[in-house]
Amino acid sequence: MTTEQDRTIHDTEVGGPDGERTVFLHGLFGQGKNFTQAAKALVPDLHSLLVDLPNHGRSGWTDSVDYVDVADAVAEHLHGGFAADGPVNVVGHSMGGKIAMVLALRHPDLVDRLVVVDISPVDTASGGGTGEFEHLLDSLARLDLAAVVRRADADRLLAEDIPDERVRGFLLQNLRSHGSDFRWQANLSLLRAELATIGGFPELGATFDRPVLWLAGERSPYVRPEHDVTMRRLFPRTRLVTIKGAGHWVHSEAPEAFISALRVFLTA
């Protein structure tokens, strides 16, 4: 985070002041608005803050990716506003789950309850776990934006490389029109260059001794039995719940189960 402008973080609030204050951190390619459906469904139980993480959505771009830097920037942002009156709940999916874990480990005074969605505090890059994301980023980089007149053009041009219509729709949320041109809102070149870092997890020498809900998609490879020891060493009060039938994007593939799990855990 090299400049003050780079540290700008955009967010959106959902719900009234009487709900449990809860921060949502999205994954790679995502935006805070990815959790709008869940946040609205959890009103009035939750008062939610949907955050655009750096290099995504309407937040600032940076020169590098570092989980400690990002977590510290989010902490600074929360201390100055949403969490000014005390600790809040934090929900993080995938990359956002790693940021949420680092946030809890480095700023335990800021986090009441933690929800980690379909990711583990391990290096997924070394085992080839970022291959899917390499393919998606490379596919987006190959897209000739000069040939895009309408969003439907981009969808058609991506269909061969990314045949899953749901995944294409998710990725194309990052495409924004600027006059007659289209541009990517996310910092795709940096995210591709830093994919190994995004797949990793820093060694912090700390633990977080507050309640943690660890949500795993049944069909996803990102939460494995061998990750359990590391997770419980860092977060000893962890409860693992597997969402049947869900893959990596748990909140969009199994929204009812996801919302129910959050409601039970965050309002207990």
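Below, all heavy atoms of this structure are taken into account, side chains as well, without hydrogens, waters or symmetry copies.
Heavy-atom contacts from other residues, nucleotides or ligands closer than 6.0 Å to CD of E13 number more than 12. For R192, the CZ atom is densely surrounded, since the number of other residues' heavy atoms within 6.0 Å is greater than 12. In this structure, R239 places its CZ atom where only 12 or fewer heavy-atom neighbours from other residues, nucleotides or ligands lie under 6.0 Å away. Crowding of R150 atom CZ: a count of heavy atoms from other residues, nucleotides or ligands under 6.0 Å not exceeding 12. The environment of CD in E226 is crowded: more than 12 heavy-atom neighbours from other residues, nucleotides or ligands sit within 6.0 Å.
To the nearest 0.5 angstrom, S220 atom OG is 7.5 Å from I119 atom CD1. Interatomic distance, CG of N34 versus CG of D52, reported as 9.0 Å (0.5 Å rounding). We find the CG-CG distance between L191 and N174 to be 9.0 Å, quoted to the nearest 0.5 Å. Note: N89 CG to L262 CG = 9.5 Å, rounded to the nearest 0.5 Å. Rounding to the nearest 0.5 Å gives a distance of 9.0 Å between CG of D138 and CG of L195. Atoms OG and CD1, on S94 and I99 in that order, are 9.5 Å from each other to the nearest 0.5 Å.
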| Are I243 and F258 close enough, and set up right, to give a side-chain contact (heavy atoms from CB on, under 4.5 Å), and what steps lead you there? | CA-CA 8 Å; I243 304 298; F258 176 73; 5.9 Å; no
- Please assess D118 against W249 for the test side-chain contact (heavy atoms from CB on, under 4.5 Å), listing each intermediate value before the final yes or no. CA-CA 8 Å; D118 207 63; W249 282 277; over 6 Å; no
Give the C-alpha distance, both sets of side-chain angles, the deciding distance and a yes or no for side-chain contact (heavy atoms from CB on, under 4.5 Å) between R156 and D153.
-> CA-CA 5 Å; R156 174 178 51 80; D153 296 332; 3.6 Å; yes
**Request:** Determine, step by step, whether Y67 and M95 satisfy the side-chain contact (heavy atoms from CB on, under 4.5 Å) criterion, reporting the C-alpha distance in whole Å, the side-chain angles of both residues, the deciding distance to 0.1 Å, and the verdict.
**Result:** CA-CA 9 Å; Y67 278 128; M95 178 192 73; 3.7 Å; yes
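For F24, the ring-ring contact (aromatic ring centres under 6.0 Å, His included) partners at least two apart in sequence or on another chain are F35. Scored by the ring-ring contact (aromatic ring centres under 6.0 Å, His included) test, F82 finds H47 as partners (sequence neighbours excluded).
No side-chain donor-acceptor contact under 3.5 Å links N55 and E194. Inspection of the D72 and H107 side chains reveals an N or O donor paired with an N or O acceptor under 3.5 Å.
A 4.5 Å side-chain heavy-atom check between T22 and V115 finds every atom pair outside the cut-off.
None of D228, L234, V229 except one satisfies the side-chain contact (heavy atoms from CB on, under 4.5 Å) rule with R232; the exception is D228. V212 pairs in a side-chain contact (heavy atoms from CB on, under 4.5 Å) with only one of the listed residues (M231, R237, M101), which is M231.
Counting only distance, with no hydrogens or angles, the side chain of R21 and the backbone of D18 share no donor-acceptor pair below 3.5 Å. Checking side-chain atoms of K98 against main-chain N and O of G200 turns up a donor-acceptor pair under 3.5 Å.
Ring geometry for F170 versus F29: interplanar angle over 60°, hence perpendicular rather than tilted (30 to 60°). By the 30° and 60° cut-offs, the orientation of the rings of H93 relative to H251 is perpendicular.
Here E20 does not pair with R113 in a salt bridge; the nearest charged N to carboxylate O distance is not below 4.0 Å.
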